[in-house]
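See below for the structure under consideration.
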Amino acid sequence: MLAHLHTHEFGGQDLPAAVGGRTGQRPVAADASTPALKVIVAEDSELQRLFLCSLINGLGFQAIEASDGCEALDLIQTSGAQILISDLKMPHIDGISLTREVRRLGLPHYVHIIMVTGADEVALRDDALRAGVDDFITKGSSTAILKARLRTATRLIAHADALAERTRVLTETNARIQDDLRAAADAQRQLLPTLRDDILGVRVASAFVPSAIVSGDMFGCFELEGGKLGFYTVDVSGHGIHASLLSVAIGHLVTKDFFQSQAFDDAGQPDPARLARVLNQRFSASDNDDYLTMFCGVLEAATGQLSFCQAGAPSPICISETGEEHQIGDGGFPVGLIPNASYVTNTHTLAPGSALVLCSDAAGEAENAAHVPFGQARLRDVARSAAMQDFRTLPQAIVSALGDWRGGNPLDDDLTVVVFKRTSNND
Amino acid sequence: MIKTLSHDAGVTVVRPGAERLSAANAKAFKDEVAQLIESGSAQLVIDLSGVSFVDSSGLGALVGLLKKIGYRGDLAMAGLNADVAQMFRICRMDKVFKIYPTVDQAAEKMADAL
């Protein structure tokens, strides 16, 4: 039928014997292993359309005919085609309106749009670009130019597909990692002591806030023999997953039995420095720079006598019943940093009704938007006013105050707050 | 990131090149100074006068460097501000490192000891 028609539009070439779509010519894929890319051809002139489709099929694509913009829009949605070649002037909706509609569709893949313009329609190219057209081809261009345009489109589509696949893989992998981390965080929380409100007449409250799902902090609290309360807090250097490996190891190691056997001297007197020494020996050998700061203590419930070892942890705040506060301890070597470091057991008496507040250094170091640290003074204020009202609210009061200070942003470091209150004579 | 200056008598002064020595850059700092040590500069003074904040990772890196130098040489620190000095005290790092108010004093003491 159309075999010997010459066209004036496209370089005067002969039409191939069979035209794709009408006479059953099958598109030959450019590469035998990949399916031919679909190209929607929106052109109201049947002659132009058929000729364009045959060229496109000949180049290894699969041309899909659309006789106007509406048909093209439908086909875009149903065929999954990623290339659209559209004439500028068509009835119902023209090429520019069609482009706007395609962009508005919000399809999951990008549609590369090539506009066919007459030589006299170049002025409309600006409008076309604004509407979202990617490329142009002039009527009368050679097959070589059409080939080049389609090649560009193919390259861009391959690139977009590769990117989409990479994103999909990354999203899936990230989701899996987050799930694993949450499982690890749960396992870590299982290690925390289930604190009864009242242990041997000493009230206990705490807050455990990892900075990034898992925490490099750990703490423990045990009812020991002879009316004594044993406890420790630990803060591994750095934070994040590698720190949490060590903090969890400590959590597993320092059980009630371990504490009972290691935190007393040979005469049976409380000696938390001994526990620090033992842990230091155990964790000093590592070649990496991980270490931990620790505060561990034994509190005799009946007398309020506290024996403690401050291994580089911040000095706890002691708040009396009447609101006077001071900090106890002036420091000590961390654990796992210096082999053969010496540790000292000090003592302090906790008066009835007074509270002891242990807080990891994340609190004092928390910076607001102006990079001003929260500092010890503010921390002591928050602790004191909460202690005077209801000490059980103290850990949360600190967490909230820090949240406000940070403008709602999470802390950069892991936070742990443990509070002990010795029952008052009035209780 | 670090900047080095050769002082008299074979002492090298190292400036971290960052206002904060923390988890974000502690490893890079340590690796760079370690390279310095390996290439033979074992008398080091770390100039912390431009550093306003050192966290546990930063401290770990500094101690790691001290261990690395070992018997090869010596490591001293100078110019600690109040907050950093306080942090060092709480961890007893003032017993572990030689700490001086200024780089010159540190370098002088180090040169004397050689």
Side-chain angles (χ1 to χ4, degrees), chain A residues 211-212 216-217 234-243 246-247 276 280 284-295 309-316 327 329-344 360-362 364-367 371-373 375-376 412-414, chain B residues 2 16 18-35 37-38 44 46 50-71 74-77 80-99:
Chain A
S211 64
D217 287 358
V234 137
D235 182 351
V236 177
S237 59
H239 48 81
I241 299 172
H242 80 91
L246 185 49
S247 67
N280 191 48
S284 272
S286 65
D287 277 336
N288 63 31
D289 296 330
D290 284 349
Y291 66 94
L292 52 105
T293 58
M294 178 172 83
F295 190 94
C309 178
Q310 181 184 12
S315 298
Q327 286 182 277
D330 71 345
F333 285 105
V335 168
L337 189 60
I338 313 282
N340 305 316
S342 57
Y343 298 92
V344 176
S360 49
D361 59 11
E365 287 174 5
E367 290 181 3
H371 300 294
V372 177
Q376 288 302 308
D412 286 336
D413 195 4
D414 307 313
Chain B
I2 66 174
E19 248 193 71
R20 302 165 66 90
L21 211 55
S22 67
N25 57 12
K27 183 170 190 311
F29 170 74
K30 188 190 172 198
D31 287 344
E32 286 184 34
V33 181
Q35 241 176 359
I37 296 170
E38 260 157 48
L44 299 179
I46 314 249
V51 176
S52 58
F53 176 79
V54 177
D55 76 355
S56 54
S57 304
L59 188 67
L62 290 167
V63 174
L65 288 170
L66 184 69
K67 289 180 189 170
K68 186 169 180 80
I69 282 194
Y71 295 115
D74 207 359
L75 181 93
M77 305 223 227
L80 277 65
N81 77 0
D83 289 337
V84 177
Q86 167 70 356
M87 192 250 198
F88 271 52
R89 258 195 306 276
I90 289 271
C91 294
R92 297 283 187 262
M93 290 299 105
D94 49 346
K95 307 256 185 290
V96 168
F97 291 105
K98 299 190 184 72
I99 299 176

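Computed from a prediction, not measured in an experiment: that's the story for all the values here.
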Among residues at least two apart in sequence or on other chains, which ones pass salt bridge (charged side-chain N to carboxylate O under 4.0 Å, His left out) with D330(A)?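 With sequence neighbours excluded, D330(A) shows a salt bridge (charged side-chain N to carboxylate O under 4.0 Å, His left out) to R92(B), given in chain and number order.
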Tell me if the CD1 atom of I241(A) is crowded by more than 12 foreign heavy atoms within 6.0 Å.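 Not buried by this count: 12 neighbours or fewer within 6.0 Å.
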Write down the atom of G312(A), the atom of C91(B), and the distance for their closest heavy-atom approach.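 Here G312(A) and C91(B) meet closest at O-SG, 3.9 Å.
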Determine which residues belonging to residues 18-28 of chain B lie within contact range of chain A, meaning some heavy atom pair is under 4.5 Å apart, and list them by number or answer 'none'.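 Residues of residues 18-28 of chain B touching chain A at under 4.5 Å: R20(B), A23(B).
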L337(A) and M93(B): side-chain contact (heavy atoms from CB on, under 4.5 Å), yes or no, with the steps? CA-CA 10 Å; L337(A) 189 60; M93(B) 290 299 105; 3.7 Å; yes
Between S237(A) (side chain only) and S57(B) (backbone N and O only), is there a donor and an acceptor less than 3.5 Å apart?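 Judged by distance alone, no pair lies under 3.5 Å.
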Which atoms of F333(A) approach chain B - backbone, side chain, both or neither, heavy atom under 4.5 Å: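 Both parts, heavy atoms under 4.5 Å.
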Check each atom of A341(A) against the heavy atoms of chain B and say whether the ones under 4.5 Å are side chain, backbone, both or neither.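 Nothing of A341(A), per the 4.5 Å heavy-atom cut-off to chain B.
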In Å, rounded to the nearest 0.5 Å, how long is the span from [atom1] of [X] to [atom2] of [Y]?
| X | Y | atom1 | atom2 | answer |
| --- | --- | --- | --- | --- |
| I90(B) | D361(A) | CD1 | CG | 10.0 Å |
| F53(B) | E367(A) | CZ | CD | 6.5 Å |
| D412(A) | D55(B) | CG | CG | 9.5 Å |

